[in-house]
Amino acid sequence: MEQEQPVAGRPVVVIDASSVPAQAAPELVSDALLAALARDETFAAVVRMPETTPEAMPETMPRKQRVADAGNRVRMLKRLRPGLSARCLGLAFVMPESAQRENARAIRAGAKLWGCPTLTTDDLARAQAWAEARHAAQPPSAAGEK
C-alpha cells in the first residue's frame, strides 16, 4: 500500500509492506517506488517492512528459490537505482531490530545499493521525521523540481 504525505509541497511516499508476507514485500516496494518515480518529481519515502519470522527467513527456503529471489532483487535494484539516484531524497526503512541484525550487511550498504541516502530504524516516527528533514534540507530548485 502506498500513500503520500506532502511536506513543503513535495511528497513523502509511505509504503506499508508490514502486513504482507516477507517474500511479497520486495515486489510491493518495487512497484510503489516505480510509481513514485513515474511522477517525475523528487520525493522521500518511508518503507514499513514486514515483521520477519523464522519461517519467512531465506535460510528455510529451498536453495533454488533463494537464488531466484536474490536474482529478482538484483534486477529490481538495477531497474530502480538510476531513478532513485536522480529523484529520491532518501529511503527510510522501518523494521524490527531482529530483522536489522539479520540484514546488517545490506543495511550498511544501503546508499550504495539503492542509489540514495537510507536510514533503517525500528521507530516509525523517527523514519518519518528523517524523511521530512530530507525535504527540508533540499530546496526545490536544488532538487531538480520543475
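- Looking at I15, V29, L124 one by one, the single match for side chain to side chain contact (heavy atoms under 4.5 Å, CB included) with R48 turns out to be L124.
- S18 is linked by a side chain to side chain donor-acceptor pair (under 3.5 Å) to D16, counting only residues two or more places apart in sequence or in another chain.
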Determine whether F93 and N103 satisfy the following criterion, side-chain contact (heavy atoms from CB on, under 4.5 Å), listing intermediate values before the conclusion.
CA-CA 12 Å; F93 294 93; N103 295 289; over 6 Å; no

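- A distance of 11.5 Å separates OG1 of T120 from CZ of R108, quoted to the nearest 0.5 Å.
- The distance from atom CD1 of I107 to atom CD of E102, rounded to the nearest 0.5 Å, is 9.5 Å.
- With sequence neighbours left out, S30 forms a side chain to side chain donor-acceptor pair (under 3.5 Å) with R79.
- Put simply, OG1 on T118 and NZ on K112 are 13.0 Å apart, with the number rounded to the nearest 0.5 Å.
- Summarising the geometry of M49 relative to M95, their closest heavy-atom pair is CG-CE, 3.9 Å, with the distance given to 0.1 Å.
- Within the model, atoms SG of C88 and CG of L33 stand 7.0 Å from one another, a figure rounded to the nearest 0.5 Å.
- Looking at every heavy atom in both residues, P50 comes nearest to A22 through CG-CA, 3.8 Å.
- In plain terms, the two heavy atoms of W130 and A92 that are nearest each other are CE3-CB, 3.6 Å.
- Atoms OG1 and CG, from T42 and L37 in turn, are 11.0 Å apart once rounded to the nearest 0.5 Å.
- The two residues D122 and Q100 make their nearest non-hydrogen contact at N-NE2, 3.3 Å.
- Between the side chain of R81 and the main chain of L113, a donor-acceptor pair closer than 3.5 Å is present.
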Working note: L119 + R134, criterion side-chain contact (heavy atoms from CB on, under 4.5 Å); need CA distance, chi angles, decisive distance, verdict.
CA-CA 11 Å; L119 169 79; R134 300 294 305 166; over 6 Å; no

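- Criterion: ILVMFWY side-chain heavy atoms under 4.5 Å apart, direct or through other members. Under it, V13 and L91 are part of a common hydrophobic cluster.
- Looking only at distances, no side-chain donor or acceptor of T121 sits under 3.5 Å from a matching main-chain atom of A127.
- Residues A44 and L89 approach most closely at CB-CB, 4.3 Å, considering heavy atoms.
- Between V12 and A131, the closest heavy-atom pair is CG1-CB, 4.0 Å.
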